[in-house]
Amino acid sequence: MSRLDPSLLAGLPPFMGMDQPALEHILEGAKPLRQPKNAHVFRQGEEAHSFYLLLDGYVRVVKLAPDGEQVIVRFIASGELLGIAKAIGRDSYPANAVAAADCVLLAWPSHLWESIVSAHPGFATNTYAMLGERLLETQDKVVELATERVEQRVANAVLKLANQSGRKTEEGTLIDFPISRQDISEMTGTTLHTVSRLLSGWEHAGWVKSSRQKVTLMEGHKLVMVASGQAGRKS
DNA sequence: ACATTAATACCAG
DNA sequence: CTGGTATTAATGT
């Protein structure tokens, strides 16, 4: 068993403002874990035996509707916690978590949650702030789904992804993990057909560039226009 | 070279 | 305009 370096955690949002001994203490209970692309980190309904910190990669959180329909709730980027069912008083996971790219994570057994939180008040406030952020995000998304048209929603989704995980290239901003039209449709409540049509439309206009599992954003401001409903109206 | 899976084209409601 | 099926294109083995 190799020793884990506390500098892995230093500077990450959940551990902001914590000193070296505290980080070492938290790391004692963690074991590293590596998940290949498309592997499940945990499944909806499963007993929440562990909680996780994503060190590298991306995982998508997918909610399964009773009829088998899938909805992508959010993407988790590196440095974020996931599977913290215990923090909201649950003992089963509320959704599936799937590696969107090859991932490396740290896993803690869930029973350590209580002791870590009570031993480290800074960690507690950080994670509750994070939960609050996520709550606001999902509220915004509800409003979006209820009030905006499809083109606005997918424009928003693309912008969000580019913003959250964009990598600069000569072409523009590349979303640096594999993303299919199906994925985008599951984020925005449409079908892959509509997403495909919109994306190729924008590609002809020169606003984005897309190929299999890849989307690069070239003219972000144009998409912002679409997202705000100021463009693309047709009759 | 083949099988698998994503993206687009095509067609129907 | 949306949703389903077929065809084509890309990717992994």
Side-chain angles (χ1 to χ4, degrees), chain A residues 33-44 56-77 95-105 140-220 222-235:
Chain A
L33 172 67
R34 153 180 292 288
Q35 292 283 64
K37 189 183 169 211
N38 289 333
H40 281 74
V41 181
F42 53 78
R43 302 184 127 87
Q44 179 168 342
D56 189 42
Y58 291 92
V59 350
R60 61 170 179 269
V61 179
V62 181
K63 189 91 185 165
L64 255 44
D67 62 354
E69 194 109 7
Q70 302 202 345
V71 177
I72 296 181
V73 179
R74 65 164 33 85
F75 279 88
I76 304 281
N96 282 353
V98 184
D102 291 345
C103 288
V104 11
L105 309 105
D140 286 347
K141 197 155 176 182
V142 171
V143 174
E144 195 180 305
L145 280 168
T147 62
E148 292 183 354
R149 280 164 315 115
V150 177
E151 356 161 23
Q152 298 177 260
R153 302 206 300 269
V154 338
N156 262 322
V158 171
L159 287 168
K160 186 93 94 35
L161 289 170
N163 217 31
Q164 177 182 340
S165 57
R167 211 188 55 220
K168 291 281 184 217
T169 67
E170 312 83 43
E171 300 261 48
T173 310
L174 168 71
I175 295 170
D176 82 337
F177 59 89
I179 180 93
S180 68
R181 279 109 226 266
Q182 174 95 49
D183 292 329
I184 298 178
S185 71
E186 285 173 3
M187 296 176 71
T188 52
T190 8
T191 61
L192 70 158
H193 308 103
T194 307
V195 173
S196 182
R197 281 189 276 258
L198 286 169
L199 242 42
S200 36
W202 295 339
E203 178 151 14
H204 277 110
W207 302 346
V208 300
K209 185 142 193 323
S210 72
S211 56
R212 189 192 178 90
Q213 308 248 77
K214 290 202 322 204
V215 177
T216 49
L217 184 62
M218 304 172 80
E219 303 280 343
K222 289 286 171 52
L223 273 203
V224 173
M225 298 281 284
V226 176
S228 61
Q230 296 308 117
R233 186 83 8 86
K234 268 164 265 169
S235 55

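Convention: sequence-line order gives letters A, B, ...; per-chain numbering from 1.
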Nearest of dA6(B), dT5(C), dT2(C) to any side-chain atom of Ser180(A)?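 The closest nucleotide is dA6(B).
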Within the distance-only criterion (no hydrogens, no angle test), does the side chain of [X] pair as donor or acceptor with the backbone N or O of [Y] below 3.5 angstrom?
X: Ser165(A); Y: Ala162(A); answer: no
X: Gln44(A); Y: Leu64(A); answer: yes
X: Asp102(A); Y: Pro36(A); answer: no

Rounded to the nearest angstrom, tell me the gap between atom [atom1] in [X] and atom [atom2] in [N].
X: Leu198(A); N: dA7(B); atom1: CG; atom2: P; answer: 14 Å
X: Arg149(A); N: dT2(C); atom1: CZ; atom2: C1'; answer: 15 Å
X: Phe177(A); N: dA6(B); atom1: CZ; atom2: P; answer: 15 Å
X: Lys37(A); N: dA6(B); atom1: NZ; atom2: P; answer: 8 Å
X: Leu192(A); N: dT5(B); atom1: CG; atom2: C1'; answer: 12 Å
X: Lys214(A); N: dA9(C); atom1: NZ; atom2: C1'; answer: 15 Å
X: His193(A); N: dG13(B); atom1: NE2; atom2: C1'; answer: 14 Å
X: Gln213(A); N: dT8(B); atom1: CD; atom2: C1'; answer: 15 Å

Side-chain N or O of Arg181(A) versus OP1/OP2 of dT8(B): is the shortest distance under 4.0 Å? yes
With a cut-off of less than 4.0 Å, is there a side-chain N or O of Ser196(A) near OP1 or OP2 of dT8(B)?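 Yes, within the criterion.
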Tell me whether the side-chain N or O atoms of Arg212(A) pair up with the base of dT5(B) as donor and acceptor below 3.5 Å, since no angle test is needed here.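 Answer is yes: a donor-acceptor pair is held.
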Judged by each residue's nearest nucleotide on DNA chain B, which is more toward the 5′ side, Arg197(A) or Gln182(A)?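 Per heavy-atom nearest nucleotide, the more 5' residue is Gln182(A).
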Start with the C-alpha distance between Asn156(A) and Arg153(A), add both sets of side-chain angles, then the distance that settles side-chain contact (heavy atoms from CB on, under 4.5 Å), and finish with yes or no. CA-CA 5 Å; Asn156(A) 262 322; Arg153(A) 302 206 300 269; 5.6 Å; no
